[in-house]
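First up is the structure itself, then whatever we jot down about it.
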Amino acid sequence: MNKATIAYIVSAATLIVAVWLGVSIGTVKIPISTFWDSSDTTASNILWKIRMPRVILAGLVGASLAIAGAAFQGLLKNPLADPYTLGVSSGASVGAVVTLFFGLSIPILGTYTLPIFSMIGAALTMFLVIGFAKLVDRSMKMETIILTGIIFGSFLGSVLSLMIALTGEELRQIIGWLLGSVSMRGWNYILMVLPFVVIGSFILWLNRRELNAMLFGEERAHHLGVNVKRRKFMILIGGSILTGSAVAVSGTIGFVGLVVPHMTRLMWGSDHRHLLTLSFMNGASLLIICDLIARTIISPTELPVGVITAFIGAPVFAYIFYRQRRKGAM
Amino acid sequence: MLKVDNLSGGYGKEPIVKNISFTVNKGEVLGILGPNGSGKSTLLKIISGILQKLEGTVLIDGQDAAVYSQKQFARKVAVLPQLHAHAFSHTVKDTVALGRYPHQSGIFSSWSDEDERAVTEALEYTGVTRYKDKPIELLSGGEQQRVFVAQALAQEAPILLLDEPTNHLDIAHQQQLLDTIRKHSGEKGVTVISVFHDINLASLYCDRLLLMEKGQVATIGDPKDVIQEATIGTVYNARVKTQPHPELPKPQMTLLPDTMEERKPFTVNKQHFAISADHVSFKVEQPLKTISSAVTNPGMGWFRAFVNRHVDANYNCDDVKAEMAQYLEQRGYHLTDTVGMMTAVTTEHAEIGEYEGDFGTVLIMVTAGVGNAVDVSQAVTREQRVGTINTWVIVNGHLPDEAFIQAMITATEAKTKALHTENIKDPLTGTIATGTSTDSLLIAATQEGEHLPYAGPITPLGKLIGHGVYDCTIRAIQAYKKAKGWTS
């Protein structure tokens with residue numbers, strides 16, 4: 001059995017365990033038998049109406065952010081890049097809040113109005129950040145990109161605060177949403193993001209070999225026969241779709257896209273043919289577990305899941321930064 | 001195979017390279033040379049499609065390269081970049097496997113046996129098979145560059161472009177890498193175009209060279225036509241001297257540093273000779289340019305000590321060079337700085353003379369053992385027997401290479417004349433001898449003071465050499481005769 005097969009088995013097993021823990025633990029403990037035995041209606045309702053959609057949504061959001069992070073990192077050759085550090089999540093939030101603020105609903109888009117505006121916000125921010133970073137420093141050093149992401153993130157954050165202040169009471173709930181949460185969303189939210197998760201992930205997966213080539217730089221990828229311009233565009237769009245849809249349903253949850261690809265790479269290598277899929281699976285597991293911690297650690301009060309991911313993610317960010325800098329110094 | 005026609009282009013609107021035209025044939029290795037900023041890397045980037053061309057065409061197999069898709073182009077042309085650092089780790093095999101990208105198609109991976117064979121072959125060819133599962137960043141710079149060569153070879157393109165491939169590599173890795181590429185080109189008929197920083201490396205490994213100056217072609221042609229002192233000197237704005245490679249028919253160049261002018265003028269004279277019981281020596285502070293047929297350090301070079309050692313007539317040794325080296329070292333001579341000769345003649349019979357001309361002086365030293373004199377015209381059937389006339393000619397003056405050779409001729413003629421005058425006969429044939437069987441000659445010059453372009457018999461220098469060598473040889477033969485009791 002080769003390394004990749006083991007990686008898939010381990011990741012799948014982790015995901016199953018995470019889902020099981022996610023649905024069974026809580027103020028009411030759900031026995032595993034509830035899956036097939038619906039005689040206990042209370043337990044069955046909690047499982048299928050509350051816990052399951054929450055776990056699935058957490059999984060989809062985590063998977064989206066992780067695979068997007070892995071792709072951004074490969075494309076930018078920057079281990080610190082993820083939707084959050086690049087400011088793309090903030091862009092998506094602005095898109096989402098604008099939709100809520102103006103009560104926008106485009107008839108053809110229907111319920112998809114929110115995620116689509118979120119994606120547009122994400123994509124615009126992505127292109128602006130990369131364009132600006134390139135303007136500052138043609139070689140696009142790691143720090144330049146992250147600093148640009150912070151600048152744009154802060155600016156977009158203040159735009160958000162302004163809009164919230166203007167709306168008064170009714171959008172106060174948005175603040176909670178901004179901190180990131182997957183609670184009380186229900187099945188309709190899953191249906192809202194699922195197509196985008198599938199499309200975005202598929203676009204990235206189509207570019208797995210190109211991402212491998214781009215790890216050696218755009219020029220090298222070009223020499224190897226990659227149509228760099230088109231592939232880069234595809235990857236940025238794919239990442240924006242994933243980020244936009246994730247933010248639309250759960251707000252800004254930081255660092256998942258940073259921690260998961262990093263851990264996955266550390267354990268199974270940086271070959272994108274496997275890295276993307278494995279990050280997708282592990283991202284789902286991580287966010288399900290983080291959400292479980294968020295709602296149980298100071299029960300009955302719930303923490304926003306973004307607090308937990310930041311709690312884990314920021315130190316990992318610091319560690320990666322340290323490692324890369326040391327490597328550069330040698 | 002590859003034809004560049006009137007190509008112009010660069011980074012912005014203003015072209016960096018202008019009106020470049022050349023053709024490279026199948027299996028040929030073309031080197032692109034030029035000073036920094038002359039546009040050699042830019043030219044390569046335009047050919048490989050990284051930079052936009054403003055004008056002109058690049059034809060591959062007679063077809064405009066612009067019509068190829070990126071993948072089609074990569075199947076025709078592989079590029080080996082300069083060594084780079086990278087952020088994420090890849091194994092060696094995965095890195096090389098990326099070279100197969102242009103050969104793959106379809107949504108799902110389509111890794112074929114053909115791909116596997118190409119990768120295995122490339123790993124073998126570049127000698128990195130044993131590292132194949134290692135992360136690339138754990139390899140040394142030289143090994144990493146070999147991995148990228150393997151990647152380019154796995155691409156199996158008929159044209160290979162290289163941009164200063166040996167940058168940051170030590171000489172062993174430079175040689176290894178270029179040997180590999182040259183061999184590959186020869187075996188597979190791959191056409192190679194490579195940018196070089198090092199003129200000498202380019203000369204060694206390329207069939208033809210293209211020299212660029214300010215974005216245009218200065219010259220293109222055979223290395224020996226391109227690497228000319230005047231051309232290189234003007235294009236690079238540097239003082240250089242060219243010379244043939246010692247082993248190959250390829251030109252090499254060296255810099256003439258400004259420190260040459262810091263050399264203090266000096267002259268040598270008779271006082272620099274010293275005679276001890278077992279050797280005659282000549283020692284100077286500054287090295288002299290020397291050509292000799294000595295035992296230690298023969299050929300051409302720069303030396304500061306010259307030794308003519310007396311050995312017993314029955315001296316016999318398996319490894320004369322090693323024994324001589326040991327002898328010199330024991331007496332405090334620095335081996336890389338010393339020319340050493342041997343003779344059976346005792347040191348007291350060494351004849352030294354100083355001859356003065358308008359330009360300066362010439363010093364001559366001769367030891368003559370004529371017991372085994374030979375008439376060179378009768379020597380065809382002769383077995384080797386030892387006999388020695390050692391002649392040193394040391395000139396205060398600046399000689400070009402041809403003057404060294406003329407000095408050798410003049411000195412030899414003078415020696416032969418002296419043997420004639422002294423009526424030295426070849427004991428076997430009874431005819432007048434022209435020398436002995438193992439004569440040695442040394443010409444050394446300070447390379448200071450007056451330029452002495454010639455040393456033929458009627459030139460100022462040749463006159464002194466002819467007279468001096470004749471004079472000293474006569475005296476040395478007479479001394480020898482006396483010592484042997486040939487005369488009363």
I'd like to know whether [atom1] of [X] has more than 12 heavy-atom contacts from other residues, nucleotides or ligands below 6.0 angstrom.
| X | atom1 | answer |
| --- | --- | --- |
| F132(A) | CZ | no |
| Y8(A) | OH | yes |
| H197(B) | NE2 | no |
| K3(B) | NZ | no |
| R230(A) | CZ | no |
| Y84(A) | OH | no |

Exercise for the section: Output the residues of residues 46-63 of chain B for which the shortest heavy-atom distance to chain A is under 4.5 Å, in residue-number order; output 'none' if no such residue exists. Expected result: S48(B), G49(B), I50(B)
Fill in the blank from the handout: Under a 4.5 Å heavy-atom criterion, the part of residues 29-44 of chain B in contact with chain A comprises none
Handout entry: Side-chain (E219(A)) to main-chain (K45(B)) donor-acceptor, under 3.5 angstrom
Key =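 Not a single qualifying donor-acceptor pair exists.
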Fill in the blank from the handout: Whatever's closer than 4.5 Å to a heavy atom in chain B on L224(A) counts as both
Practice task
Under 4.5 Å heavy-atom distance to chain B, tell me which part of E218(A) shows up: side chain, backbone, both or neither.
Solution key: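 No part of it gets close to chain B.
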Practice task
Assess whether side chain to side chain contact (heavy atoms under 4.5 Å, CB included) is satisfied between N212(A) and Y101(B), documenting all intermediate values.
Solution key: CA-CA 10 Å; N212(A) 277 345; Y101(B) 175 81; over 6 Å; no
Practice task
Please lay out, stage by stage, how V79(B) and H222(A) fare under the test side chain to side chain contact (heavy atoms under 4.5 Å, CB included).
Solution key: CA-CA 10 Å; V79(B) 182; H222(A) 179 99; over 6 Å; no
Problem - Evaluation steps, side chain to side chain contact (heavy atoms under 4.5 Å, CB included), between V226(A) and Q70(B) - result: CA-CA 6 Å; V226(A) 176; Q70(B) 197 55 48; 5.6 Å; no
Completion exercise
Between the CG atom in L215(A) and the CG atom in L98(B), the distance rounded to the nearest 0.5 Å is 8.5 Å
Problem - Rounded distance (nearest 0.5 Å) linking atom CZ of F216(A) with atom CD of Q151(B) - result: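 Spacing of CZ (F216(A)) from CD (Q151(B)) equals 6.0 Å.
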Practice task
Applying side chain to side chain contact (heavy atoms under 4.5 Å, CB included), run through R273(A) and D94(B) and close with a yes or a no.
Solution key: CA-CA 11 Å; R273(A) 283 174 303 178; D94(B) 285 347; 4.0 Å; yes
Exercise for the section: Grab the two heavy atoms, one from A74(B) and one from G225(A), that are nearest each other, plus how far apart they are. Expected result: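 Heavy atoms of A74(B) and G225(A) come nearest at CB-CA, 3.4 Å.
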Handout entry: Validation row: Q155(B), H223(A) side chains within 4.5 angstrom (heavy atoms)
Key =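 No. Closest side-chain heavy atoms not under 4.5 Å.
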